[in-house]
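What follows is a single structure, written as structure tokens, with notes after it.
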Amino acid sequence: MSEPIKLAAFCGSLRKASFNRIALNAFAERLPAGTTIETIEIGDWPLYNADIQAQGFPEKIQAAQKTMLDADGLVLVTPEYNYGPSGVLKNAIDWLSRMTPQPFAGKPVALFGAAGGILGTARAQYQLRQILVFLDGRPVNKPEVMIGQAQNRFSADGKLTDDATGKLLADLGASLVLHIRHAKAAAQHVK
Ligand SMILES: Cc1cc2nc3c(=O)[nH]c(=O)nc-3n(C[C@H](O)[C@H](O)[C@H](O)COP(=O)(O)O)c2cc1C
């Protein structure tokens, strides 16, 4: 039996019927056996302000850091707003990036997103990949999961209806878990 894997996820859309949230649920349902995933809710975090930080990080943000540090890998799901990731996700990243230990460092990260346009969050995801360079995260390169024309891939009752997207999400989950297992094996090797 291989060791269980823990993931921590963020969803960059706060909309109740969010396609990105449905895609995150579909990703979770397709993860390899033995993998658990916890979504960190970020909708009620304050806007980043160094003066608030100077009084101590808000409890919710400290709890998020702990969940991330306990996790073996991270999942960032973003809509595309004006060719970039959503402000709510960027705000969460900005808060977490100021913490010690900085909880993105060294973590394998899966990225995906759904948008109305045909490029399906490609531009937003490449911005996130750039941000992850500074944060020293380990983004999974492939498969890229860019869910374009999202309105055609989900049903009115909140289900993913597009099999090709479901397969990509499953492949991304498998790839993330493989990256995590390789990283763990390498860490054992250098001990
Ligand atoms: C402020 C704003 C900016 C947007 N900019 C883009 C964009 O740059 N590219 C795109 O494909 N869709 C854009 N959209 C449409 C979103 O992709 C669409 O609303 C999508 O459903 C949002 O994800 P959600 O369903 O998870 O909330 C934008 C929507 C909003 C509200």
Side-chain angles (χ1 to χ4, degrees), residues 7-31 35-49 60-61 64 67-68 71 73-97 104 107-135 137 139-176:
L7 305 177
F10 295 84
C11 179
S13 171
L14 304 181
R15 205 166 70 83
K16 230 183 277 156
S18 158
F19 294 131
N20 284 282
R21 179 69 70 155
I22 303 169
L24 175 54
N25 293 340
F27 176 80
E29 285 164 10
R30 289 163 176 76
L31 283 168
T35 312
T36 54
I37 184 165
E38 176 176 345
T39 301
I40 295 171
E41 298 302 337
I42 55 177
D44 58 356
W45 289 14
L47 291 177
Y48 178 78
N49 180 336
K60 279 178 187 165
I61 300 175
T67 301
M68 293 170 74
L74 307 174
V75 180
L76 297 180
V77 188
T78 188
E80 185 166 277
Y81 285 174
N82 302 307
Y83 287 15
S86 68
V88 69
L89 182 60
K90 182 62 165 53
N91 183 57
I93 291 171
D94 291 343
W95 271 113
L96 293 160
S97 71
F104 290 92
K107 295 277 184 197
V109 187
L111 298 159
F112 60 92
I118 52 168
L119 296 186
T121 72
R123 292 163 292 219
Q125 287 190 45
Y126 281 116
Q127 288 187 21
L128 280 180
R129 284 181 186 273
Q130 182 176 332
I131 290 165
L132 284 166
V133 173
F134 181 66
L135 297 177
V140 170
N141 282 335
K142 296 234 170 155
E144 293 185 306
V145 184
M146 294 157 174
I147 309 169
Q149 299 186 312
Q151 61 283 357
N152 300 332
R153 299 181 203 278
F154 298 87
S155 65
D157 63 344
K159 294 271 180 262
L160 176 66
T161 50
D162 182 50
D163 290 345
T165 301
K167 165 95 171 57
L168 276 175
L169 288 169
D171 289 350
L172 179 62
S175 179
L176 175 63

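Note that ligands are numbered from 1 as they come in the structure, with each ligand's atoms numbered from 1 the same way.
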Passes side chain to side chain contact (heavy atoms under 4.5 Å, CB included), Lys60 versus Trp95? Steps please. CA-CA 11 Å; Lys60 279 178 187 165; Trp95 271 113; over 6 Å; no
Residue and atom name of the nearest protein heavy atom (relative to [atom]), distance in Å to one decimal:
atom	result
atom 25 (O) of ligand 1	Arg15 NH2, 2.7 Å
atom 8 (O) of ligand 1	Tyr83 N, 2.9 Å
atom 2 (C) of ligand 1	Tyr81 CD2, 3.6 Å
atom 12 (N) of ligand 1	Glu80 O, 3.7 Å
atom 27 (O) of ligand 1	Ser13 OG, 2.7 Å
atom 5 (N) of ligand 1	Asn82 N, 2.8 Å

Say whether, by atom type as modelled, one donor and one acceptor occur between the side chain of Asn91 and the main chain of Pro46 under 3.5 angstrom.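 Flag set: sc Asn91 to bb Pro46 pair under 3.5 Å.
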Has Thr161 got a side-chain atom pairing as donor or acceptor with Arg153's backbone, closer than 3.5 angstrom?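 Judged by distance alone, yes, a pair lies under 3.5 Å.
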Counting only heavy atoms on the protein side, is anything nearer than 4.0 Å to atom 21 (O) of ligand 1?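 Yes, there is one.
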Does a side-chain N-to-carboxylate-O contact under 4.0 Å join Asp94 and Lys90?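 Salt bridge between Asp94 and Lys90, a charged N being under 4.0 Å from a carboxylate O: yes.
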Ligand-side contact atoms (ligand 1) for residue partner Pro79, heavy atom cut-off under 4.0 Å: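 Those of ligand 1 that fall under 4.0 Å from Pro79 are 22 (C), 23 (O).
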Output the list of atoms in ligand 1 that are nearer than 4.0 Å to some heavy atom of Asn20, sorted by atom number.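 Taking each heavy atom of Asn20 in turn, ligand 1 has 23 (O), 24 (P), 26 (O) under 4.0 Å.
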Is it true that atom CD of Gln151 has more than 12 heavy atoms of other residues, nucleotides or ligands lying nearer than 6.0 Å?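 Check passes, neighbour count above 12.
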Should we count CG of Asp163 as having more than 12 external heavy atoms under 6.0 Å?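 Incorrect, the count does not exceed 12.
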For the 3.5 Å polar cut-off, considering only N or O atoms, please tell me whether [X] and ligand 1 meet it.
X	result
Gly117	yes
Gly116	yes
Phe19	yes
Arg21	no

Could you measure the distance from the OH atom of Tyr126 to the CG atom of Leu119? Nearest 0.5 Å is fine.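 Separation between the atoms: 10.5 Å.
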Pair Asn20, Ser18 - check side chain to side chain donor-acceptor pair (under 3.5 Å), show working. CA-CA 5 Å; Asn20 284 282; Ser18 158; 4.5 Å; no
Take the angle between the ring planes of Phe27 and Phe112 and call it parallel below 30°, perpendicular above 60°, tilted in between.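 Aromatic pair Phe27/Phe112 classed tilted.
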